[in-house]
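Here is how names work: the chains are called A, B, and so on, in the same order as the sequence lines, proteins then strands, and each is numbered from 1.
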Number of protein chains: 2
Amino acid sequence: MSSSDSTETASAKPSMRDALVAAAFQLFLERGYEQTTVDDIVALAGVGRRSFFRYFPSKEDVVFPDHERCLADMTAFLAASDAAHEPVRRVCDAARLVLLMYAENPSFSVQRYRLTKQVPGLRAYELSVVWRYERALAEYLRGRFAGRRDGNLRADVIAAAVVAAHNNALRSWLRSDGQGDASAAVDHALGYVQSAFGAPPAAPAEEHPEDVVVVVSRRGAPLWRVVQEIETTLGRD
Amino acid sequence: MSSSDSTETASAKPSMRDALVAAAFQLFLERGYEQTTVDDIVALAGVGRRSFFRYFPSKEDVVFPDHERCLADMTAFLAASDAAHEPVRRVCDAARLVLLMYAENPSFSVQRYRLTKQVPGLRAYELSVVWRYERALAEYLRGRFAGRRDGNLRADVIAAAVVAAHNNALRSWLRSDGQGDASAAVDHALGYVQSAFGAPPAAPAEEHPEDVVVVVSRRGAPLWRVVQEIETTLGRD
DNA sequence: GCTCGGAGGGAACTGAGTGCCATCGGCCGC
DNA sequence: GCGGCCGATGGCACTCAGTTCCCTCCGAGC
């Protein structure tokens, strides 16, 4: 939570919401999530109990104060796409928005990570948040793959793979207390997904007309063997 | 829930547990999940309130009475693997265990599906169950990929893809009220994942030595273009 | 008969989340 | 300036999930 305006429409009165988040995290860190009641939080923040639930529909929501905004950003980002965007690359870029949100506030993100790792209830809540991101990506891909054979299946699988790759990199960054280059790690992870699902991995092909490789295959041969052979030959693993 | 023995270790005293599940679903279906209190359930089942929580740690658990057993089955299945099993194929087979559980009792599964689709709390609970399956698959793959470059990343992504493919097929089967061949749909979906991640897609290549295709590529060309070209040529989309 | 142990019942408690209403403070029209 | 309107807040009481503690019942073994 930065100190100035953040989640509200635009202007300058987020004091109460931020105060609740600050009070909640202070107590969560010193005595644990489940040992802290909502009454404790509102007492420390000096506000009424009823006001807490005006800003956060549940006790869990105070732990993820900015995911709603991020989800809205992602939805808008995908809605602003057009047919010129390569679909898989586009959802990878959308996933990077989530990393951006985490990276805005590394220490807060790391604290929250430790909390969610320990408390089953928070882990479940996080799963439902992640699921909404995944659905947003999948719905976009379903639109782009409409008419293609197994379009919905591909959309769901690719969305899940993108989310898994993103989370793999994100969590390893969080485990290292926010050290290292999170962006590079996520790029690497998403690059793997893009290469697996037939999207160009960032760098456009340079011109090396002399570098030619010939593959010969029987039609009946399993596709994975052919691809494996090509990968080996091209030296990309 | 079949009428005879089911979830308990082996013998013959599951009466109370089954009675609670039956009473719960009867009420959930006639007046909705959130409109049904635990007191209503125990009143209908004719047992004490305390006994409900002896059998089910929470109200949500009564909706998924057999997932614990299924998860244990999957863990055991994966633990019984050896190095001879192709890893991706193995996790696909593990995923089929879940389908098997749903197919054991189609009408029950369809009712539960409608319920979880409507009630956010149940959807969140289901996500946490699915997450445990996914972690089981991912942990197995991490073991098999140990030492390989990006082993953990690959494990997480493939596990997510397998789960997403399985769920895609399962949910479309559930939406159709349990009509159609769920097993075939899941096979098809998992086949897609296997082909994407370099596992042989079930049928070994038949011998058609005359069916030959030649691909010529520059080394610098993006891999996805090469693969796309091969897919088109082989007529697999 | 007796105890003993486990399964079930039940009252009372905590804490999350909700509904309802009172209050306060600014803002508008008069 | 004044009364009323309105949005934000506080406070109280209620429901319900989940837990704790203790009681009863019943069958097994002595």
Side-chain angles (χ1 to χ4, degrees), chain A residues 5-25 27-28 30-65 68 115-116 119-126 128, chain B residues 5 7-25 27-28 31-65 68 115-116 119-126 128:
Chain A
D5 58 1
S6 55
T7 57
E8 289 311 301
T9 38
S11 58
K13 207 182 54 174
S15 53
M16 186 147 188
R17 188 184 158 92
D18 287 359
L20 283 169
V21 173
F25 267 81
L27 292 173
F28 291 165
E30 44 177 77
R31 68 172 94 154
Y33 177 81
E34 290 167 314
Q35 283 64 49
T36 303
T37 71
V38 174
D39 297 83
D40 295 336
I41 298 170
V42 297
L44 180 58
V47 302
R49 167 185 170 74
R50 197 67 186 78
S51 296
F52 179 93
F53 290 104
R54 266 191 257 276
Y55 285 92
F56 305 98
S58 80
K59 186 184 169 190
E60 283 135 359
D61 283 285
V62 81
V63 181
F64 304 89
E68 286 300 325
L115 222 49
T116 56
V119 182
L122 291 180
R123 216 169 40 204
Y125 186 93
E126 192 183 41
S128 76
Chain B
D5 59 359
T7 57
E8 290 310 302
T9 38
S11 58
K13 206 184 51 173
S15 54
M16 186 147 190
R17 189 184 157 92
D18 287 359
L20 284 168
V21 172
F25 267 81
L27 292 173
F28 291 165
R31 69 173 93 153
Y33 177 81
E34 290 168 315
Q35 283 63 49
T36 304
T37 71
V38 174
D39 298 82
D40 295 335
I41 299 172
V42 296
L44 180 58
V47 303
R49 167 184 172 75
R50 192 62 187 82
S51 296
F52 179 92
F53 291 104
R54 265 192 260 275
Y55 286 92
F56 304 98
S58 80
K59 185 184 170 190
E60 283 134 2
D61 283 285
V62 80
V63 181
F64 304 89
E68 285 302 327
L115 223 48
T116 56
V119 182
L122 291 179
R123 218 169 38 204
Y125 185 93
E126 192 184 40
S128 77

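Summarising the geometry, the separation between CG on B:Leu20 and P on C:dA7 is reported as 15 Å, rounded to the nearest angstrom. Computed from coordinates, the B:Asp61 CG to D:dA17 P distance equals 14 Å when rounded to whole Å. Spacing between atom NZ of B:Lys59 and atom C1' of D:dG18 amounts to 12 Å, rounded to whole angstrom units. One interatomic measurement links the two molecules: CD1 of B:Ile41 to P of C:dG9, which rounds to 15 Å at whole-angstrom precision. Residue A:Glu60 contributes atom CD, which lies 13 Å from atom C1' of D:dA17 at whole-angstrom precision. At whole-Å resolution of the value, CD in B:Glu34 and P in C:dG17 are 13 Å apart. Between the C1' atom of C:dA16 and the CG atom of A:Asp40 lies a distance of 13 Å, rounded to the nearest Å. Remark: P of C:dA16 and CG of A:Asp39 are 7 Å apart, rounded to the nearest angstrom.
Of all the heavy atoms in B:Val42 and B:Gly48, the pair that sits closest is CG1-O, 3.7 Å. Closest approach of B:Ala45 to B:Ala19, counting heavy atoms only: CB-O, 4.3 Å. Closest of all the heavy-atom pairs between B:Leu20 and B:Ile41 is O-CG2, 4.0 Å.
Nearest to the side-chain atoms of A:Phe53 among the listed nucleotides C:dG17, D:dT9, D:dT19 stands C:dG17. Side-chain atoms of A:Thr37 lie closest to C:dA16 of the nucleotides D:dT19, D:dG10, C:dA16. Between D:dA17, D:dT9, C:dG8, one nucleotide has an atom nearer to the side chain of A:Tyr55 than all others, and that is D:dT9. With C:dG19, C:dG17, C:dA11 as the candidates, the nucleotide lying closest to the side chain of B:Arg50 is C:dA11. Proximity note for A:Arg49 (side chain, C-beta onward) versus C:dG9, D:dA17, C:dG17: the nearest is C:dG17. Of the candidate nucleotides C:dG9, C:dG17, C:dA16, C:dG17 has the atom lying nearest to any side-chain atom of A:Ser58.
Scanning atom types as modelled, one donor and one acceptor separated by under 3.5 angstrom connect the side chain of A:Arg54 and the base of D:dG10.
Distances shown here put a side-chain N or O of B:Ser51 below 4.0 Å from the OP1 or OP2 atom of C:dG9.
Side-chain contact between B:Tyr55 and B:Val62 is absent, with no heavy atoms from C-beta onward closer than 4.5 Å.
Cation-pi geometry between B:Lys59 and B:Tyr125 is not satisfied (NZ or CZ under 6.0 Å from the ring centre, within 45° of the ring normal).
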